[in-house]
Amino acid sequence: MTLRDLLDLPRGEMATEEVPLWINGKPTLSAAGNVHDNTEPATGKLLARVHHADESDVARAVDAAKAAQPAWAGMGVHERAARLNEFGRRVVEVAPLLGLLDARDGGTAVKSMSASAMKGGMFFQTIAGVAPEIHGRTIPATPSGFHITEPAPWGVLGMICAYNHPTLFMCMKIAPALAAGNAVVLKPADQAPMTPVIIASLAEDLLPPGILNVLTGGAQTGAAVVTHPDIARISFTGSLGTGLAVQAAAGASGVVKSVTLELGGKNPIIIFPDVDPEIAAAAVVKGSNFARVGGQSCGATSRLLIHEDICAEVLDRVVEETEKILIGLPDDPASDMGCMVTHDHRDRVLGFVEAGLSDGGRLRSGGAAPDEPDLLAGAFVRPTIVDNVAHGATIAREEIFGPVLAATTWTDESEAIEMANDTRYGLTASIWCNDIDKALRSARSVDAGYIWVNDVEVRYPGLPFGGWKQSGIGKELGLVDDILSHTRSKAISIAVRPLR
Ligand code: NAD
């Protein structure tokens, strides 16, 4: 059986063979035979048994990466881009199957996961298209010399992913890193580890062995990647708590490392009273990301800050629209929304709803698991809307990463901005207003790395995405800038002697 065959796993069946690590261009079992159960959150059934890497596996992967990287960098950007373009084509070709496996593995509806897998493949092709644009600069420091900078790869990168888009996040991380001439050691999320290993196998004959390594595993594997002395740069996506642990571990490793962190958010959607309630309601539902990923989205606008005058009408419509979302088994193409990634996470989400209600919030919709018989065994939660939420209540402050919208009203523009900024996070914000002064003033005043005005949810390629404050440090998706972020700038001065 090849890893590609896992994509043809019939619905309801589990993999008959263990899922290996991918080291040095081939499937590799963990040295210690460290194998873990990987279950489907929608059914609680076993999907596969997956190898977890330990320190010795990380060391093997880094050795392979170190050995392979100079030749990959020496190949030149045009050749690397051509190979990455073909890699992307192969991902696109099997995107519906990758999406289906991601849906079974992580619980999100296949409709959304297939679209996101397709985006992942296409992202490779976009990066391949812009990669030849990377260049250094010539600086006019003196009239008698050349003073230039050259972008050089770091060498071996450690990349760690969150669980919500297994295929897409892998593609988004590795494409610019590889285009820049680095080798990669990628650790996918422990809850949804299968597609990244399969994706690596799709490039078996395209990437020199060792250039892309995928080490499945949990916190221990991630920590071994972060602290390995030959990994000079870490790109991490995950929660604030883990991000802080990664930064601390990198610092304590005794080796100076570059660390970028894409972390969580508690993102506001601010609605001014001049907005058509129908348009406002559609924006609130779209921004909540209930339908796509069950609210398990870092950029979801899960905190509604709405002017008191239109709150009642907009929320009535939001409730009506939300109740149309079809919750169902993730591998059913008809489902709009699947389940949470684990049963523990489902319980955590419901715990936040309970806290919100005991803090004085009013339940407008959802707030419980669905009672359809075929969903009882899974980690499902109905999309939940709580209004009358006091600013400062836990449900309005903590990132829930689930299908929960907390609504708070305001009467004065400065009050809205103050509430929007009164959070430790600063990832995204969406502002809806027909008065251009108020809209742009608000966009300037909100402390977040990515702001939509009269728009929400969509991320535009080329527009760098990344958080302010405790939502992280560094940007992704900036295309050429994204590739350059995986390089170190070298300055070279060349003196030119005058004619004697
Ligand atoms: P998490 O922090 O629990 O785990 C993220 C990754 O870190 C996983 O691969 C995990 O195995 C690994 N890990 C855990 N402990 C580690 C350690 N000590 N050292 C190294 N690695 C370790 O996050 P999650 O639950 O997978 O994802 C949800 C979080 O990710 C949310 O906070 C969400 O907002 C955030 N997120 C952010 C973005 C973004 O672009 N800003 C995108 C997606 C998700």
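Just so you know, these numbers come straight off a predicted model, no measurement behind them. All ligand and atom numbering here is 1-based and tracks the order in the structure.
- Protein residues with any heavy atom under 4.0 Å from ligand 1: I160, C161, A162, Y163, N164, F169, K187, P188, A189, D190, G218, A219, G222, A223, F236, T237, G238, S239, T242, V246, E262, L263, G264, C298, E399, F401, L427, F465.
- Exactly one of L463, V130, L484 qualifies for a side chain to side chain contact (heavy atoms under 4.5 Å, CB included) with L479. That residue is V130.
- Within the structure, side-chain hydrogen bond (donor to acceptor under 3.5 Å, both in side chains) contacts touching residues 110-119 (residues at least two apart or in different chains) are K111-D336, S116-H165.
- Pairs engaging residues 172-186 under the side-chain hydrogen bond (donor to acceptor under 3.5 Å, both in side chains) rule: K173-S235, K173-T237, K173-E476 [sequence neighbours left out].
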| said: Show, in sequence, the C-alpha distance, side-chain angles and deciding distance for F401 and Y163, and conclude whether the ring pair (Phe, Tyr, Trp, His ring centres under 6.0 Å) test is met. | reply: CA-CA 11 Å; F401 215 59; Y163 70 79; 5.7 Å; yes
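- Scanning for side chain to side chain donor-acceptor pair (under 3.5 Å) contacts around T384 gives an empty result, with sequence neighbours left out.
- Two residues are said to be in side-chain contact when any heavy atoms from C-beta on lie closer than 4.5 Å; I270 and V446 meet this criterion.
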